[in-house]
Amino acid sequence: MSKTIDTLYSNPLTQVSAFVFDEAVVNVFPDMIKRSVPGYATIINMIGNLAERYAQADSYCYDLGCSLGAATLAMRHRIQAANCSIIGVDSSEAMIARCEQVIAADSAEIDVALHCTDLCEFPIHNASVAVLNFTLQFIAPEKRQTILRNIYNGLRSNGVLILSEKLAFDDEQHQALMIELHHNFKRANGYSDLEISQKRSAIENVLIPETLAAHRQRLKEAGFASVDVWFQCFNFASIIAIK
């Protein structure tokens, strides 16, 4: 039986390796996300709500960095547009393999196609909804503009991008406060100081957050006409960008 409780960093490690989305992470991923990302359940639920609002007939909805398919399922159970299907993309073979099982066990009828590939090389076309749910932060900053431009070019008119990210802040005092509040959130969810410290070391050069201003500027430069935050809790936020 797959492990469900995240204890990956519960014991002292001689050397903390860089975080990767491997089988060990896949086994605990739902628990890890629930206990680590404030507001995650709300974001997933609202992705379904937004997909219902913006999905267009005869189009695709993309879950880019789909992991285990939480956003895919949220969209799949809410989309009403005719002949609309979902495309999920993730570069982790372990994630895609488990996501295939999740989708196969789901009862919704909307078609889902999963692809294990580098998001930087995946074409977007005929899209009415695109989701980057805590995905862009794991991609090298110099590649992020190209990805957003690719999404913009592949979206239909009035198509929407939902971009969720961990944020950084220019003000050092506010940055320190948001980190403290986030760590308190993790402690309240049962993580020890050791787990928090070791996870932070593992992810430090893998997850690279940026300021909200940087995200706004990049989305505007990609061509999006409307860019605004719809959700934020501490240093986690979700943005709606409309073409």
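A quick note: this is a predicted structure, and the numbers were derived from the prediction, not measured. All residue numbers refer to positions in the sequence shown, counting from 1.
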Please check if any side-chain donor atom of [X] sits under 3.5 Å from a side-chain acceptor atom of [Y], or the reverse.
| X | Y | value |
| --- | --- | --- |
| D111 | S85 | no |
| S91 | D118 | no |
| D106 | H77 | yes |

Test your reading of the model: is there a side-chain donor-acceptor pair from [X] to the backbone of [Y], 3.5 Å cut-off?
| X | Y | value |
| --- | --- | --- |
| D63 | T72 | yes |
| S201 | S197 | yes |
| N189 | S36 | no |
| E195 | S192 | yes |
| N150 | F122 | yes |
| R216 | V227 | yes |
| R78 | E52 | no |

[X] [atom1]: over 12 foreign heavy atoms closer than 6.0 Å:
| X | atom1 | value |
| --- | --- | --- |
| E142 | CD | yes |
| Y60 | OH | no |
| Q145 | CD | yes |
| D170 | CG | no |
| N49 | CG | yes |
| K34 | NZ | no |

If you compare all heavy atoms of [X] against all heavy atoms of [Y], which two are closest, and at what distance to 0.1 Å?
| X | Y | value |
| --- | --- | --- |
| K166 | Q137 | N-OE1, 2.7 Å |
| T135 | E165 | N-OE2, 3.9 Å |
| D90 | G65 | OD2-C, 3.4 Å |
| K220 | A225 | NZ-O, 3.0 Å |
| Q56 | S157 | NE2-O, 3.1 Å |
| D22 | A94 | C-CB, 3.9 Å |

Heavy-atom check, side chain of [X] versus side chain of [Y], under 4.5 Å:
| X | Y | value |
| --- | --- | --- |
| D58 | C84 | no |
| N11 | L194 | no |
| R76 | I86 | yes |
| L132 | L148 | yes |
| S164 | N133 | yes |
| Y54 | N158 | no |
| S128 | L155 | no |
| I240 | L50 | yes |

* Asked: So, do F234 and H182 have ring centers that fall under 6.0 Å from each other?
  -> no
* To do: May I ask you to check whether F21 and F138 place their ring centers less than 6.0 Å from one another?
  => yes
Out of curiosity, [X] [atom1] to [Y] [atom2], how far, rounded to the nearest 0.5 Å?
| X | Y | atom1 | atom2 | value |
| --- | --- | --- | --- | --- |
| I147 | E121 | CD1 | CD | 10.0 Å |
| R149 | T146 | CZ | OG1 | 10.0 Å |
| I43 | F231 | CD1 | CZ | 5.0 Å |
| L136 | K143 | CG | NZ | 12.0 Å |
| E204 | F19 | CD | CZ | 14.5 Å |
| K243 | L219 | NZ | CG | 13.5 Å |

Transitive ILVMFWY side-chain link [X] to [Y], under 4.5 Å:
| X | Y | value |
| --- | --- | --- |
| L73 | V129 | yes |
| Y9 | V206 | yes |
| I196 | V25 | yes |
| I87 | V160 | no |
| I96 | L64 | no |

* Mind checking whether Y152 and F224 have parallel, tilted or perpendicular rings, split at 30° and 60°? -> perpendicular
* Check step by step if side-chain contact (heavy atoms from CB on, under 4.5 Å) holds for M95 and F29. => CA-CA 9 Å; M95 283 289 185; F29 192 68; 3.6 Å; yes
* To do: Would you please test W230 and I239 for side-chain contact (heavy atoms from CB on, under 4.5 Å) and show each step?
  => CA-CA 6 Å; W230 70 269; I239 297 166; 5.7 Å; no
So, are [X] and [Y] salt-bridged, with charged N and O less than 4.0 Å apart?
| X | Y | result |
| --- | --- | --- |
| E210 | R144 | yes |
| R98 | E23 | yes |
| R35 | D6 | no |

* Asked: What do the steps show when you test F134 against F236 for side-chain contact (heavy atoms from CB on, under 4.5 Å), and what is the final call?
  -> CA-CA 9 Å; F134 302 107; F236 292 83; 3.6 Å; yes
* Asked: So T7 and V28, side-chain contact (heavy atoms from CB on, under 4.5 Å) or not? Walk me through it.
  -> CA-CA 8 Å; T7 59; V28 302; 6.0 Å; no
